Engineer: 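For reference, the structure I am asking about is given below.
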Amino acid sequence: MPMRRLCLVLGDQLDASAALFDDFDPNQDAVWMAEVENEVEHVPCHKLRIAFFFSAMRHFRDEQREAGREVHYHEIEQERGRTFAEVLAKDLKELQPEELAVTEPGDWRVREELRQTAERAGVPLTIVPDRHFYCSVEDFREWASGRRSLVLETFYRWLRGREGVMLDERGEPAGGQWNFDEDNRESFGKDGPGKLPPSPRQEPDAVTQEVLEMVEKRFSSHPGRLEHFDLPVSRAGAKRWLADFIEHRLPSFGRFQDAMWQEEPLLYHSRLSPLLNVKLLSPRECVEAAVEAWRAGRSPINSVEGFVRQILGWREFVRGIYWTFMPEYIERNALECEDVDVPQSYWDGETEMECVRRAMRNVLDNAYAHHIQRLMVLGLYAQLLGVHPRKFHDWHMAMYADAIDWVSLPNTLGMSQYGDGGVVGTKPYCASGAYISRMSDACKSCRFDPKDATGDRACPITTLYWDFLDRHRERFVHNRRMGFQIKNLERKKAADMRAIRERAAKLKAEPV
Ligand code: FAD
């Protein structure tokens, strides 16, 4: 019997309940998946990121086969082509399906590549809506249309209201407020976080073990390490991680959301993003589990609301931004950065800056760093150095297990680097070393002093912070949210500013 539909499943679409499978007929339809070189080579990807994707894909393949579906799967060793389009084109020719179907991809470039490949092969392509998200791209665009600026808070309230999440019987937000951010900014103080719940760990099974060995051999020159591989790669494992987070870390998630502590990579964060982004978990089940913990009195409202805001708010918001502003968004460079790349320490972790060294150890060990390390250490330092936002994005895509274009780009180029000129955030996240000193213990063991902007011991972040404000003064002088920072800049003596500029130039030429 001729093949009716070939259902293409990308590495970030491992959702067996996707609309793509609604009327799947095992007698006429088949699943198609491929591991391809180009996706992990165009910027050399972190070994753990590659292993996570390939192992999760192989587990999904096996589950589909167990469910009685035919799966055409190309392991990377099969060398059938370097790019996704090459491998797919060959199969379309051989399999001759009447139709190719795929869930809306999470990457603009991949969607275009698919369209072209299907067109060249003369096979009609159906793009099936992605049910994973709360908010469709169309609904986001409708919400956004006519607004002068797109504000997360407004979007979050609208979507939470529409979805009826944490509302009382009058439709008002539970606890009388939409936002408990004021309660969610604690640092750990000088004694540190104390005893933390143990991080969950998923021991690699035989499939993962095989992938780990292959990655170690084939991608030996790539950045990152595999010894710490502990991520779940199946739906069952992902559900266990969610349950572990809800029980052990959610209760303190809110309070310490913005805190850092050098020796503790996870603190009270969930590390659910890779699992959500490859769709082993749905945002609804994460939100529902958290809300249930609050209703049962097992987690306080500030933690649960904070978590809901991240998933139902930020995650949906950045996706809407991506699909509303692409493809021109990726070209944006609002601060007119030159073609500067991330420093070498972002690949090997070798630096004298303790905050960067620790954050990078986390990235190299786990292909992960929590939000504040990403934003207020690695993102901040890159921004102050004048790294091109696109280069920062490319680096981020290569190094994190949770990086998919739709979520990474608005966070890297937009929120972190202000490359979009104020779409995601109304001001750049720029701060001096004093912020890092206040929110973490990094500066205590660092050879640099966050209070100093000049001299040999001056914290590079502090020097570059003043230099950044100085360089962009004209741009931000009328931004009300930056008034305080610009006023402080204007108080600096001319001689100090000269010394700052001089040291900043050296740091930019040779980052420490
Ligand atoms: P938690 O702190 O436990 O938060 C819970 C969940 O909320 C996360 O798992 C995530 O799904 C969601 N979330 C929180 N903040 C955001 C946000 N700003 N945007 C989207 N979702 C959010 N997140 C990614 O999933 N992929 C990325 O490629 C990515 N790139 C980032 C790059 C930079 C420079 C910055 C500053 C942030 C980036 N984020 C990205 C957002 C956020 O940092 C991560 O989602 C979070 O650190 C993941 O760790 P966690 O699961 O422990 O998060």
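Note that the structure is a prediction, hence the values are computed from the model and not measured. Whatever order the structure lists ligands and atoms in, that order sets their numbers, starting from 1.
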Engineer: Do the side chains of Glu216 and Lys47 get close enough for a salt bridge, i.e. N-O under 4.0 angstrom?
Structural biologist: yes

Engineer: Can you tell me if Phe307 contacts ligand 1 (heavy atom of the residue under 4.0 Å from the ligand)?
Structural biologist: yes

Engineer: Between Phe155 and Trp143, is the gap from one ring center to the other below 6.0 Å?
Structural biologist: yes

Engineer: Any chance you could lay out the ring pair (Phe, Tyr, Trp, His ring centres under 6.0 Å) test for Tyr418 and Tyr429, step after step, and finish with the verdict?
Structural biologist: CA-CA 8 Å; Tyr418 198 73; Tyr429 280 90; 9.5 Å; no

Engineer: Would you say Phe245 touches ligand 1, if touching means a heavy atom closer than 4.0 Å?
Structural biologist: no

Engineer: Give a yes or no on whether a salt bridge exists between Lys190 and Asp441, defined as a side-chain N under 4.0 angstrom from a carboxylate O.
Structural biologist: no

Engineer: Tell me: protein heavy atom nearest atom 53 (O) of ligand 1, and distance?
Structural biologist: Ser270 OG, 3.9 Å

Engineer: Could you list which atoms of ligand 1 come closer than 4.0 Å to a heavy atom of Leu375?
Structural biologist: 36 (C)

Engineer: Tell me whether Leu272 has any N or O atom under 3.5 angstrom from an N or O of ligand 1.
Structural biologist: yes

Engineer: Starting from atom 27 (C) of ligand 1, locate the nearest protein heavy atom and write down its residue, its atom name and how far away it is, to 0.1 Å.
Structural biologist: Asp402 OD1, 3.4 Å

Engineer: Which is closest to atom 47 (O) of ligand 1 by heavy-atom distance: Arg315, His371, Met399?
Structural biologist: His371

Engineer: Got the closest protein heavy atom to atom 6 (C) of ligand 1, with its distance?
Structural biologist: Ile311 CG1, 3.7 Å

Engineer: For the ring pair His388 and Phe392, is the centre-to-centre distance below 6.0 Å?
Structural biologist: no

Engineer: Would you mind telling me if ligand 1 is within reach of the side chain of Met397, the backbone, both or neither, using heavy atoms under 4.0 Å?
Structural biologist: neither

Engineer: Which of the numbered atoms in ligand 1 are below 4.0 angstrom from a heavy atom of Ala369?
Structural biologist: 47 (O)

Engineer: Counting each atom of ligand 1 from 1 as listed, which ones have a heavy atom of Asn277 under 4.0 Å away?
Structural biologist: 24 (C), 25 (O), 26 (N)

Engineer: Look at atom 16 (C) of ligand 1 and say which protein heavy atom is nearest, naming residue and atom and giving the distance to 0.1 Å.
Structural biologist: Trp314 CB, 3.8 Å

Engineer: What do we get for Ser416 next to ligand 1 when only non-hydrogen atoms under 4.0 Å count, side chain, backbone, both or neither?
Structural biologist: side chain

Engineer: If you draw the axis of the six-membered ring of Tyr368, does the NZ or CZ of Arg374 fall within 45° of it and under 6.0 Å from the ring centre?
Structural biologist: yes

Engineer: Run the numbers on Glu336 and Arg471 for salt bridge (charged side-chain N to carboxylate O under 4.0 Å, His left out), then give the verdict.
Structural biologist: CA-CA 11 Å; Glu336 298 175 73; Arg471 277 189 285 133; over 6 Å; no

Engineer: What part of Leu276, side chain, backbone, both or neither, has a heavy atom within less than 4.0 angstrom of ligand 1?
Structural biologist: side chain

Engineer: Give the C-alpha distance, both sets of side-chain angles, the deciding distance and a yes or no for salt bridge (charged side-chain N to carboxylate O under 4.0 Å, His left out) between Arg49 and Asp402.
Structural biologist: CA-CA 8 Å; Arg49 174 182 162 80; Asp402 63 15; over 6 Å; no

Engineer: Between Phe245 and Arg271, is there a cation-pi geometry (under 6.0 Å to ring centre, at most 45° from the normal)?
Structural biologist: no

Engineer: Ignoring angles and geometry beyond distance, decide whether Tyr368 reaches within less than 3.5 Å of ligand 1 through its nitrogen or oxygen atoms.
Structural biologist: yes

Engineer: Need the ligand 1 atom indices (1-based, order shown) with element for anything under 4.0 Å from a heavy-atom of Arg271.
Structural biologist: 50 (P), 51 (O), 52 (O)

Engineer: Relative to atom 23 (N) of ligand 1, which among Val377, Leu413, Val308, Val407 owns the nearest non-hydrogen atom?
Structural biologist: Val407

Engineer: Just to confirm my output: which protein heavy-atom neighbour is closest to atom 19 (N) of ligand 1, and how far is it?
Structural biologist: Asn411 ND2, 3.0 Å

Engineer: Salt bridge check, Glu247 against Arg240: does any charged N sit closer than 4.0 Å to a carboxylate O?
Structural biologist: no

Engineer: For the pair Thr462 and Ser432, evaluate side-chain hydrogen bond (donor to acceptor under 3.5 Å, both in side chains) and give the outcome as yes or no after the intermediate values.
Structural biologist: CA-CA 4 Å; Thr462 303; Ser432 74; 4.5 Å; no

Engineer: Backbone, side chain, both or neither: what part of Gln257 comes under 4.0 angstrom of ligand 1, heavy atoms only?
Structural biologist: neither

Engineer: If you measure only the distance, is there a donor-acceptor pair under 3.5 Å linking the side chains of Asn362 and His370?
Structural biologist: no

Engineer: At less than 4.0 angstrom from any non-hydrogen atom of Met415, what atoms of ligand 1 do you find?
Structural biologist: 18 (N)

Engineer: Does at least one non-hydrogen atom of Tyr429 fall below 4.0 angstrom from an atom of ligand 1?
Structural biologist: no

Engineer: List the steps and the verdict of ring pair (Phe, Tyr, Trp, His ring centres under 6.0 Å) for Phe188 and Phe256.
Structural biologist: CA-CA 8 Å; Phe188 291 113; Phe256 299 116; 4.5 Å; yes

Engineer: For atom 30 (N) of ligand 1, what's the nearest protein heavy-atom neighbour? Residue, atom name and distance, please.
Structural biologist: His396 CE1, 2.9 Å

Engineer: I want to confirm something. Looking only at heavy atoms, which of His269, His393, Arg374 is nearest to atom 46 (C) of ligand 1?
Structural biologist: Arg374

Engineer: Please state which protein non-hydrogen atom is closest to atom 45 (O) of ligand 1 and give its distance, to 0.1 Å?
Structural biologist: Ser273 CB, 4.0 Å

Engineer: What do you reckon, is CD of Glu142 surrounded by more than 12 foreign heavy atoms closer than 6.0 Å?
Structural biologist: no

Engineer: Return yes when Cys286 approaches ligand 1 closer than 4.0 angstrom through a heavy atom, no otherwise.
Structural biologist: no

Engineer: For atom 28 (O) of ligand 1, which of the options Pro283, Ala382, Gly313, Ala403 provides the nearest non-hydrogen atom?
Structural biologist: Ala403

Engineer: At what distance is the nearest protein heavy atom to atom 7 (O) of ligand 1, and which residue and atom is it?
Structural biologist: Gln310 CB, 3.1 Å

Engineer: For ligand 1, which part of Pro410 has a heavy atom less than 4.0 Å away: the side chain, the backbone, both, or neither?
Structural biologist: neither

Engineer: Heavy-atom count check: over 12 atoms from other residues, nucleotides or ligands less than 6.0 Å from Glu510 CD?
Structural biologist: no

Engineer: Ion pair present between Glu354 and Arg357, side-chain N to carboxylate O less than 4.0 angstrom?
Structural biologist: yes

Engineer: Cation over ring, Arg319 on Phe133, under 6.0 Å and within 45°?
Structural biologist: yes

Engineer: For ligand 1, which part of Leu378 has a heavy atom less than 4.0 Å away: the side chain, the backbone, both, or neither?
Structural biologist: neither

